[in-house]
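No hydrogens, no waters, no symmetry mates; every other heavy atom, side chains included, goes into these values. Reminder, nothing fancy here: chain letters follow the sequence lines and each chain counts from 1.
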Amino acid sequence: MPELPEVEVVRAGLAPAVTGALVTGVEVLDQRSLKRHDPASGDFERGLVGARLAAAVRRGKFLWLPILPAKSAQSAQPAAPSATSTPRALVAHLGMSGQVLLRTPDHPGGDAHARIRIHLEHEAHDELRVDFVDQRIFGSMAIDRMTPTPDGRPAGFSADVTGEWAGFVPGQVAHIARDPLDPAFDERAFLAAFAKRHSAVKRVLLDQTLVSGIGNIYADESLWAVRLHGEQPASSVSSRRARELLAAVRGVLQKALAEGGTSFDAQYVNVNGASGYFAHSLNAYGREGKACPRCGTLMVREPFMNRSSHRCPRCQRLR
DNA sequence: ATACACGCCTGCTGGC
DNA sequence: TGCCAGCAGGCGTGTA
């Protein structure tokens, strides 16, 4: 269930460990985790070993580590001609159950669901291992070519936006909209598209090509906050209410981020394996049969888009 | 273009 | 006790 706050917690934890680090080894334990790796980008392992990582960047639920061009590769493998000209990144998506864990190189394996291991060397800290663990394999890692962003702004969130990689976005992320916490998020464009959609408002919130980073949990929380029924057609929501909804989305995401994300079990954890606390702050998601924190009415769970929606039948009515 | 159903995956839970 | 359907659900693909 990693959504924007959970992925951001992972990004922030990863950044100091990977920025400037040299990849010294890669182990692919399960090829299925490379399903989004385009073989045309070259072999996954060979594309990483010997490469230096520049940063940890996030847009919505996508995470990527730009690869610095290897000028004088220490390895005997000369870079392919295209590899020197096209900026690339290691792209990760956590899917439903993905985790990125930082460990010491001698950490006993053990996890049944470890799929990829990346060994790092760094001038400023000891050697590290990045373990990609993913029970359900909805997530993936890939090396991807990057292209300049159409607006020239930084492609996603990271601490440093001065690197030459900042204005480049991985191909598989290019169609994903900026997220609502991104300073370059185009609010007017989103609200205009929102007003034209006849789909259910919750479906629009979950459409990553319009606004990214929102999943089932934060969609339900945001809709509860502004008393909207998820089945309400977006086009029937007034522009004022739409702006309130967007503000609620931002508020919910920021609060969850401040609390380290939402953890139900050991499924979502940060890079050190620790859980977040936002599950205690949920007002709607997973609260069927419990009292609405606002009016006391018993919350309901309803099927929606092959998943579940949680709402208060009194506060959130279809109009 | 928008809209939406479906498949991918594994592990846990509840009903019979 | 054992088996199987149902559920968790983000995203790419395919169809209308």
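The interatomic distance linking A/L94 (CG) with B/dC8 (C1') rounds to 17 Å, in whole Å. Summarising the geometry, the separation between CG on A/D134 and P on C/dG10 is reported as 14 Å, rounded to the nearest angstrom. Taking atom CZ on A/R59 and atom P on C/dC11, their separation rounds to 13 Å, with Å as the unit. Spacing between atom CZ of A/F132 and atom P of B/dC9 amounts to 14 Å, rounded to whole angstrom units. Straight-line distance from the CZ atom of A/R136 to the P atom of C/dA8: 10 Å, rounded to whole Å. Between A/R307 atom CZ and B/dC9 atom C1' the separation is 15 Å, expressed in whole Å. If you measure from atom CG of A/L205 to atom P of B/dA3, you get 14 Å, rounded to the nearest angstrom. For the pair A/D111 CG and B/dG11 C1', the computed distance is 16 Å after rounding to whole Å.
Side-chain contact of A/Q208 with A/H175: a donor-acceptor pair under 3.5 Å is absent, judged by distance alone.
Formation of a donor-acceptor pair under 3.5 Å by the A/R241 side chain with backbone atoms of A/V226 is found in this model.
Within 4.0 Å (heavy atoms only), A/K196 reaches no atom of the nucleic acid at all.
Salt-bridge check for A/K202 with A/D220: passed, with a basic side-chain N closer than 4.0 Å to an acidic carboxylate O.
Note on A/K61: a side-chain N or O is less than 4.0 Å away from OP1 or OP2 of C/dC11. Contact annotation: A/H175 side-chain N/O to C/dG12 OP1/OP2 distance is under 4.0 Å. Phosphate proximity of C/dC11 to A/Q208: present, with a side-chain N or O under 4.0 Å from OP1 or OP2. One finds no side-chain N or O of A/R197 lying less than 4.0 angstrom from the OP1 or OP2 phosphate oxygen of B/dA1. Listed pair A/S97 / B/dG11 fails the phosphate criterion, with no side-chain N or O lying under 4.0 Å from OP1 or OP2. Taking 4.0 angstrom as the limit, A/R32 places none of its side-chain polar atoms (N or O) nearer than this to OP1 or OP2 of B/dC8. The side chain of A/H113 places an N or O atom within less than 4.0 Å of a non-bridging phosphate oxygen (OP1 or OP2) of B/dG11.
Following chains of ILVMFWY side-chain contacts shorter than 4.5 Å, one cannot reach A/V100 starting from A/F157, and the two form parts of different hydrophobic clusters.
The aromatic rings of A/F194 and A/F190 sit tilted relative to each other, their planes meeting at an angle between 30° and 60°.
Comparing A/H198 and A/N306 along DNA chain B, the residue whose closest nucleotide (by nearest heavy atom) sits nearer the 5' end is A/H198.
At a cut-off of 3.5 angstrom, counting only N and O atoms as typed in the model, there is no donor on one side facing an acceptor on the other between the side-chain of A/R203 and the base of B/dA3.
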